[in-house]
Colleague: 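One structure is given below, represented as structure tokens, and several questions about it will come after.
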Amino acid sequence: MAVSEKSPVRVRIAPSPTGFAHLGTASTALYNLIFARANGGTFVLRIDDTDVGRNRPEYEQIIYEGLHWLGLDWDEGPDKGGPVGPYRQSERLDVYKEHAARLIADGKAYRCYCTAEELDAERKQAQAEKRPYKYSRRCLTNPPQGRSEFTIRFNVPGGEVKFTDMIRGEMSFDSGLIGDFIIIKSDTYPTYNYASPVDDATMKITHVIRGEEHLSNTPYQLMVIDALGYERPQAYAHMPLILAHDGSKMSKRKHPELNLMLYREKGYLPEALLNYLVLLGWNPGTSQEIFSFDELVRIFSFDRVQHGGARFDWDKLNWINGEYIRALSDDELARRLKPFLPQLDEATIRRAAPALKTRITKLADAVDLLDYLWTDPPPPSLDQDAAGRVRAAMEALKDVAWEPPAVHDALMTVVEKSGLGPNKTFMPIRQALTGKKISPPIDYTLALLPKEVALSRLAKVAGVSV
RNA sequence: GGCCCCGUCGUCUAGUGGCCUAGGACGCAGCCCUCUCAAGGCUGAGAUCGCGGGUUCGAAUCCCGCCGGGGCUACCA
């Protein structure tokens, strides 16, 4: 993507601290960071906390945590500072107020004393008459007297609003269809379509990369920037939305996959999640599907971004996560597994790593495979022959080095003597040790357990006392 | 309702007038490998390209209409 030389690239994300860290925030942050790094630009984090009713400071911390987990770190933000701060909208109230005063002085905004009820009635009236609703502009010409509570409305000038979307090309909206919208609420806080462009302009944002839900908001914001006499961002990019698996919009209630922290809890690797997200709405035009961040910085481009929303698919995410896990070294896998296996010491986790690698798709899957190491399974009841083979195995194992290869060799001599397939010997052992029919390869299943514990579990099912 | 965006296998997608009897990936099925489960290898099923009209010698690709989905239309962001 060619970028004009005139000003250094500055991009931003502007999440609202109104709940858990959002998947969409992660996705938008990723595209912004890629673009920033590709152009030697700056990535800004701004907190859009103008909804007094829903914002909570702890939610801001959760956003930081989620972004840090993914490695999507910002250059300027509320916690880091920077040349164009403050970066929290609630701390920029005077900025919005000053700009609003200027707009009013220029006749580009005006106070509105209408009550919510009156506006509601206007809207219903328009609806009943099947007429597209636009604010009546009553307060522009003859505001009601003797009221003290007011909002400030933007005086929409009319005309075409044009801008460049890096994904869709030239966009054009008829602002005659847009009513005078509120820019300052009666609680003195700014609305989104006002605070956002004021901040984008004063923070010298050059490229606005955000979700598609903001495409229709862009003309509102551009009008504000124009009215203030600021330079507009060079371009916008509206990324496709991430839809629920059934094609509907994701909702916090119905779709837990919206919650970023869920992925960490389930054991998705941050780099795998990022890889999946970038593929949801973009492709390189080649068959490559696994990308490092640096690779993305090199090859990502907005002209290969999808225009329509993409459905979230756990299966594909799981596959990608598995690919990343398999690509990890044993040491690294063990390190990442550690928080998921608090019952085990590091050495044990490390010894299990090779056997786990191709068997788990998420880190948390390791628990099912290894929980026999800290819980005693109920002993299965075996028939005489099987119990006999277990006894033979105990005998063969007694003096063997407690490592998978040695264990394996010892067991094979028992298999050979039995004249039966290996499973006839291995499965009873597996069940005796784990209580399950599925476990890591039998040599690992044995060797991961302390030798005495393993032998005592075998003894229990073989009907011998140790 | 108005404005805007979108519509190719179940899902993510390639495709920009002939190379498409529509390609890849995930998932699914079968086979091979194999101590279980995976991983890996191979094979296969799966899309009349939302529908209907045009334009053209020729359309998934261009045009129009319709239908469907999504977004915005808030003193939410």
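Lettering follows sequence order; numbering is per chain, from 1. Just the heavy atoms: all of them, side chains too, but no hydrogens, waters or symmetry mates, feed the values below.
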Colleague: What residues in residues 429-441 of chain A put a non-hydrogen atom under 4.0 Å from any atom of RNA chain B?
Modeller: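 The stretch gives A:Arg430, A:Lys437, A:Ile438, A:Ser439, A:Pro440, A:Pro441 as the residues lying under 4.0 Å from the strand, ordered by number.
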
Colleague: Look only at the side chain of A:Ser186 and the backbone of A:Thr151, and say whether a donor-acceptor pair between them is shorter than 3.5 Å.
Modeller: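 Not at all, since once roles are kept as given, no pair shorter than 3.5 Å links the two residues.
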
Colleague: Using atom names, set out every protein N or O paired with an N or O of nucleotides 42-44 of chain B below 3.5 Å, distance rounded to 0.1 Å.
Modeller:
none

Colleague: Is it true that A:Gln125 and A:Glu129 share a donor-acceptor pair across their side chains at a distance under 3.5 Å?
Modeller: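 Yes.
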
Colleague: Taking the six-membered ring for Trp, is the centroid-to-centroid distance between A:Phe312 and A:Tyr276 below 6.0 Å?
Modeller: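 Centroid separation for A:Phe312 and A:Tyr276: below 6.0 Å.
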
Colleague: Show every ring-ring contact (aromatic ring centres under 6.0 Å, His included) that has at least one partner inside residues 176-195 of chain A, sequence neighbours left out.
Modeller: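 Qualifying pairs, neighbours excluded: A:Phe154-A:Phe181, A:Phe181-A:Tyr220, A:Tyr192-A:His214.
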
Colleague: Can you tell me, in whole Å, how much space there is between the C1' of B:A59 and that of B:G53?
Modeller: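 Going atom to atom, C1' in each nucleotide, I get 14 Å.
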
Colleague: Can a side chain N or O of A:Arg168 be found less than 4.0 Å away from OP1 or OP2 on B:C5?
Modeller: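 Indeed not, no polar side-chain atom of A:Arg168 lies that close.
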
Colleague: For the residue pair A:Phe163 and A:Tyr236, categorise the inter-ring angle as parallel (less than 30°), tilted (30 to 60°) or perpendicular (more than 60°).
Modeller: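 If you compare the ring of A:Phe163 with that of A:Tyr236, the planes turn out perpendicular.
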
Colleague: What is the distance from NE2 of A:His245 to C1' of B:C12, rounded to the nearest Å?
Modeller: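 From A:His245 NE2 to B:C12 C1': 10 Å.
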
Colleague: Which residue, A:Asp174 or A:Tyr276, contacts RNA chain B at a nucleotide closer to its 5' end, judged by nearest heavy atom?
Modeller: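 Per heavy-atom nearest nucleotide, the more 5' residue is A:Asp174.
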
Colleague: Cut-off 3.5 Å, side chains only: do A:Arg92 and A:Thr202 have a donor facing an acceptor?
Modeller: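 Result is yes, a qualifying pair exists.
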
Colleague: Write down the distance between CG (A:Asn283) and P (B:G24), rounded to a whole number of angstrom.
Modeller: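 It is 15 Å, rounded to the nearest whole Å.
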
Colleague: Searching all strands shown, indicate the nucleotide that pairs with B:C72 (Watson-Crick or G-U wobble; both distances under 3.5 Å).
Modeller: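 With both distances under 3.5 Å, B:C72 matches B:G2.
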
Colleague: How long is the line joining NZ of A:Lys424 and P of B:U36, in whole Å?
Modeller: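 To the nearest whole Å, that distance equals 12 Å.
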
Colleague: Crowded around A:Lys108 NZ? As in, over 12 foreign heavy atoms under 6.0 Å?
Modeller: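 Yes, enclosed.
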
Colleague: Taking the C1' atom in each of B:C51 and B:C67, what is the distance between them to the nearest angstrom?
Modeller: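 It comes out at 7 Å once rounded to the nearest Å.
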
Colleague: With P as the reference atom in both, quote the distance from B:A39 to B:A45 in angstrom, rounded to an integer.
Modeller: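 After rounding to an integer number of Å, I get 22 Å for this pair.
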
Colleague: Regarding A:Asp48 and A:Ser16, do their side chains bring together a donor and an acceptor under 3.5 Å, going by distance alone?
Modeller: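 Distance-only check fails for A:Asp48 and A:Ser16.
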
Colleague: Listed in order of residue number, which residues of residues 317-324 of chain A have a non-hydrogen atom at under 4.0 Å from RNA chain B?
Modeller: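 Within residues 317-324 of chain A, the residues near RNA chain B are A:Trp319, A:Glu323.
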
Colleague: Less than 4.0 Å between a side-chain N and a carboxylate O, is that true for A:Glu332 and A:Arg336?
Modeller: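 Salt bridge flag = yes for A:Glu332 with A:Arg336.
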
Colleague: Which residues within residues 367-376 of chain A lie with some heavy atom under 4.0 Å of an atom in RNA chain B?
Modeller: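 The stretch gives none, as no residue of it lies under 4.0 Å from the strand.
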
Colleague: Keeping A:Asn318 on the side-chain end and A:Thr361 on the backbone end, is there a donor-acceptor pair under 3.5 Å?
Modeller: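 Side chain of A:Asn318 to backbone of A:Thr361, a donor-acceptor pair under 3.5 Å: no, none is there.
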
Colleague: Quickly work out the A:Leu222 CG to B:C3 P distance and round it to whole Å.
Modeller: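 From A:Leu222 CG to B:C3 P: 21 Å.
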
Colleague: CZ of A:Phe163 versus C1' of B:C3: gap in Å, rounded?
Modeller: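 A:Phe163 atom CZ is separated from B:C3 atom C1' by 12 Å.
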
Colleague: Which part of the nucleic acid does A:Phe173 contact within heavy-atom distance under 4.0 Å: base, sugar-phosphate only, or nothing?
Modeller: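 Since only primed, P, OP1 and OP2 atoms lie under 4.0 Å of A:Phe173, the category is sugar-phosphate.
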
Colleague: Going 5' to 3' through nucleotides 67-77 of chain B, assign each nucleotide B (protein heavy atom under 4.0 Å from a base atom), S (under 4.0 Å only from sugar-phosphate atoms) or - (no protein heavy atom that close).
Modeller: ---SBSSSBBB

Colleague: Rounded to whole angstroms, how far apart are CD1 on A:Ile178 and C1' on B:C4?
Modeller: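 Taking atom C1' of B:C4 as the reference, CD1 of A:Ile178 is at 10 Å.
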
Colleague: Go through the steps to decide whether A:Glu118 and A:Arg138 satisfy the test salt bridge (Lys or Arg N to Asp or Glu O under 4.0 Å), and finish with yes or no.
Modeller: CA-CA 11 Å; A:Glu118 287 167 343; A:Arg138 173 175 72 154; 2.7 Å; yes

Colleague: For B:C20 versus B:U48, give the span between their C1' atoms, rounded off to a whole number of Å.
Modeller: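 That atom pair is separated by 14 Å.
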
Colleague: Determine the interatomic distance between C1' on B:G15 and the same-named atom on B:U8; round to the nearest Å.
Modeller: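 These two C1' atoms come out 9 Å apart once rounded.
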
Colleague: Mapping A:Lys316 and A:His408 onto RNA chain B by nearest heavy atom, which one lands closer to the 5' end?
Modeller: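 Nearest-nucleotide comparison on RNA chain B picks A:Lys316.
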
Colleague: Considering the options A:Asp385, A:Val461, A:Val390, which one meets the side-chain contact (heavy atoms from CB on, under 4.5 Å) requirement together with A:Pro428?
Modeller: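 With A:Pro428 as partner, side-chain contact (heavy atoms from CB on, under 4.5 Å) holds for just one option, A:Val390.
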
Colleague: State whether A:Arg168 and A:Glu212 are salt-bridged, where the test is any N-O pair (Lys NZ or Arg NE/NH1/NH2 against Asp/Glu carboxylate O) under 4.0 Å.
Modeller: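 Yes, A:Arg168 and A:Glu212 are salt-bridged.
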
Colleague: Using the P atoms only, state how far B:G7 lies from B:C49, rounded to an integer number of Å.
Modeller: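 Those two atoms are separated by 15 Å.
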
Colleague: Does the gap between the ring centers of A:Tyr135 and A:Tyr133 come in under 6.0 Å?
Modeller: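 Not close enough - the centres of the two rings lie 6.0 Å or further apart.
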
Colleague: For B:C67, which nucleotide in any strand shown is its Watson-Crick or wobble partner with both distances under 3.5 Å?
Modeller: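 B:C67 is paired, partner B:G7.
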
Colleague: Pairing check on B:C20: which nucleotide meets the Watson-Crick or G-U wobble criteria with it, both distances under 3.5 Å?
Modeller: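 Pairing partner, where one exists within any strand: none, as none qualifies.
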
Colleague: When the C1' atoms of B:C75 and B:U16 are compared, how many Å lie between them, rounded to an integer?
Modeller: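 Looking at atom C1' only, B:U16 and B:C75 are 46 Å apart.
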
Colleague: Rounded to the Å, how far apart are A:Gln127 CD and B:G1 C1'?
Modeller: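 Those two atoms, CD and C1', are 8 Å apart.
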
Colleague: Taking B:A22 as the reference, what is the distance to B:C37 when you measure between their P atoms (whole Å, please)?
Modeller: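 Those two atoms are separated by 37 Å.
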
Colleague: Please confirm whether the shortest side-chain N or O distance from A:His307 to OP1 or OP2 of B:C6 is below 4.0 Å.
Modeller: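 True: A:His307 side-chain N/O within range (under 4.0 Å) of B:C6 OP1/OP2.
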
Colleague: Base, sugar-phosphate, or nothing for A:Arg304, non-hydrogen atoms under 4.0 angstrom?
Modeller: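 If one applies the 4.0 Å heavy-atom cut-off, A:Arg304 turns out to touch the sugar-phosphate alone, with no base involved.
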
Colleague: Given the side-chain rings of A:Tyr87 and A:Trp74, with only the six-membered ring counted for Trp, is the space between their centroids under 6.0 Å?
Modeller: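 Here the rings of A:Trp74 and A:Tyr87 have centres that are no less than 6.0 Å from each other.
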
Colleague: Atom CD of A:Gln306 and atom C1' of B:U16: how far apart are they, to the nearest Å?
Modeller: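 Going from CD in A:Gln306 over to C1' in B:U16 covers 14 Å.
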
